[in-house]
Amino acid sequence: MPGPLYVPVLPTRPHAAGVFRRLWPDVQAATRPLWNLPPLPGAAPETLPTVVGKYVGPVSAVTRHGGWIDAPFGEDAQTAALAEALSVYCELGRLRPVTGPERTEAQQRAAVETARRCLRGLGVRVRVTGEWDGRLGEDVRGLLARTGPEVSVDLLLDMGAVLGDRPDAGKEALRALDALMPLAVWRSTALLGGGVPRVTADMLADGSCEQARAEWRMWHEVRAMGRAYASLLGYGDYGIQPPSALAQAPAPGRKGGPPWGVLRYTTDCSYLLFKTLTRGPDRIAVNRAAARRLTERPEFRGAGAGQGEEWLSACAHGPLSTGEGVGGPTEWLRAGNLQHMTYVVRSLPGG
């Protein structure tokens, strides 16, 4: 059975919920997000229902066509309470629980039990951050045996960060899929990878830089190998943030941050990155100039391509007499994800 066109791996954060809410209806309909609860270090089990509701409630409300909810950073002592808190959004909402071969037996059992109750299926997230290890296949086989054929299963093959230092990522993904696909009648299968690097000041020393979309190339390499499952293989990425961003624990009231930021734009084969300023007397002029340089690139798809492009165009052509519309880190992140997610769906077969 064909799965979703696009599986973005997103944090259960307000900015991500806001982005998903603003996507055009046809883009939303082709997208099934894999939402990730952030680390909650030291949170007591009795407080988790309230904390989980704060993070998962908003993303559940905007996920109208289904998706998955995962707590990959949950502590062992939190397993039972997290499973119970998340099950509410699986049973009453449109989200599916997630487990994986490296999870504890308690977490696997809780996810399977939730899947049986909610009747929406189970996401099996298999992480391959280096070379494929055949032992993972045996672990998945054991997990599926304990799940039983009555539960529909989705394979989420997560390659983690796929940058230029992993030229063999496509080969390793193919090895993993060849081993995993025969293990079950998967309802859907998606190949996930994060292709946006962690941006540093050195990368933007000249005001901008360009980075290859290695995870996009990996997905095309796997599909080009002609396997029987190739045409049904969904595409997934981490949006315009690196995978490491998911592991940031909440820090209420945190202030500060670097004096610079970045505008991100997605093209067919690369990410364009432009330096902005978060403060200082030159902030307005520098930020509008950055947006203008971006919108003047031949790869820019025009203000009508989506809400992200619309914001970037307005920023580029706004007056220097006011800072209204030049944005800050949240607005830049929102515009970047809006243009990226819309463009990805438009680029996929059937999008």
Side-chain angles (χ1 to χ4, degrees), residues 4-10 14-33 59 62-65 67 195-196 199 207-213 215-216 219-220 234-241 261-276 283-351:
L5 287 178
Y6 180 36
V7 180
V9 185
L10 300 173
H15 73 81
V19 166
F20 204 78
R21 184 185 300 110
R22 289 174 174 82
L23 290 173
W24 284 340
D26 65 311
V27 176
Q28 278 196 20
T31 305
R32 303 291 185 274
V59 303
V62 300
T63 311
R64 302 183 181 92
H65 300 281
V196 178
V199 182
S208 66
C209 70
E210 187 169 351
Q211 298 288 317
R213 290 180 67 192
E215 86 293 353
W216 185 238
W219 184 76
H220 279 285
Y235 169 79
D237 59 34
Y238 283 69
I240 61 163
Q241 289 187 291
V262 59
L263 294 177
R264 302 169 175 89
Y265 198 69
T266 308
T267 75
D268 181 56
C269 57
S270 64
Y271 295 104
L272 307 179
L273 309 173
F274 294 82
K275 184 178 180 179
T276 53
R283 180 179 68 93
I284 296 173
V286 168
N287 293 355
R288 294 210 188 279
R292 192 160 53 249
R293 290 173 62 195
L294 192 162
T295 57
E296 290 173 352
R297 289 283 297 244
E299 300 93 338
F300 186 68
R301 294 178 286 276
Q307 302 97 317
E309 282 87 354
E310 182 181 12
W311 187 91
L312 289 165
S313 294
C315 178
H317 299 105
L320 295 178
S321 57
T322 175
E324 183 178 356
V326 301
T330 298
E331 289 80 13
W332 303 330
L333 190 59
R334 180 187 302 126
N337 268 320
L338 281 169
Q339 62 82 25
H340 173 83
M341 295 173 70
T342 300
Y343 180 61
V344 166
V345 169
R346 296 280 185 267
S347 301
L348 291 168

To the closest 0.5 Å, what do you measure between [atom1] ([X]) and [atom2] ([Y])?
X	Y	atom1	atom2	result
L333	L263	CG	CG	11.0 Å
D268	Y343	CG	OH	4.5 Å
W311	L338	CH2	CG	11.0 Å
T31	R64	OG1	CZ	12.5 Å
N337	Q339	CG	CD	8.0 Å

Looking only at heavy atoms, which two atoms of [X] and [Y] are closest? And how far apart?
X	Y	answer
W219	P349	CH2-CD, 4.0 Å
V262	T276	N-OG1, 3.2 Å
T267	R301	CA-NH1, 4.2 Å
R293	S208	NH2-OG, 3.0 Å
V59	A17	CG1-CB, 3.9 Å
T295	A316	OG1-CB, 3.8 Å

Any donor and acceptor pair, going by atom type alone, linking the side chain of [X] with main-chain N or O of [Y] inside 3.5 Å?
X	Y	value
E331	G328	yes
E309	F300	no
R288	C315	yes
H340	G336	no
R22	G18	yes

Task: Within 6.0 angstrom of E324 CD, more than 12 heavy atoms from elsewhere - done: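 No, because the 6.0 Å sphere around CD of E324 holds 12 heavy atoms or fewer from other groups.
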
Pairwise side-chain contact, [X] with [Y], heavy-atom cut-off 4.5 Å (strictly under):
X	Y	value
R334	Q307	no
L10	M341	yes
I240	Y265	no
N287	W332	yes
R346	V27	yes

TODO: Determine, stepwise, if the pair W24 / V345 fulfils side-chain contact (heavy atoms from CB on, under 4.5 Å).
DONE: CA-CA 11 Å; W24 284 340; V345 169; over 6 Å; no

Going by side chain to side chain contact (heavy atoms under 4.5 Å, CB included), name the residues that satisfy it together with [X], two or more places apart in sequence or in a different chain.
X	result
V62	F20, R21, W35
E210	S270, L272, R297
H65	Q28, A29, R32

- [ ] Over 60° means perpendicular and under 30° means parallel, so classify the ring planes of H220 and W216, tilted if in between.
- [x]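 Perpendicular.
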
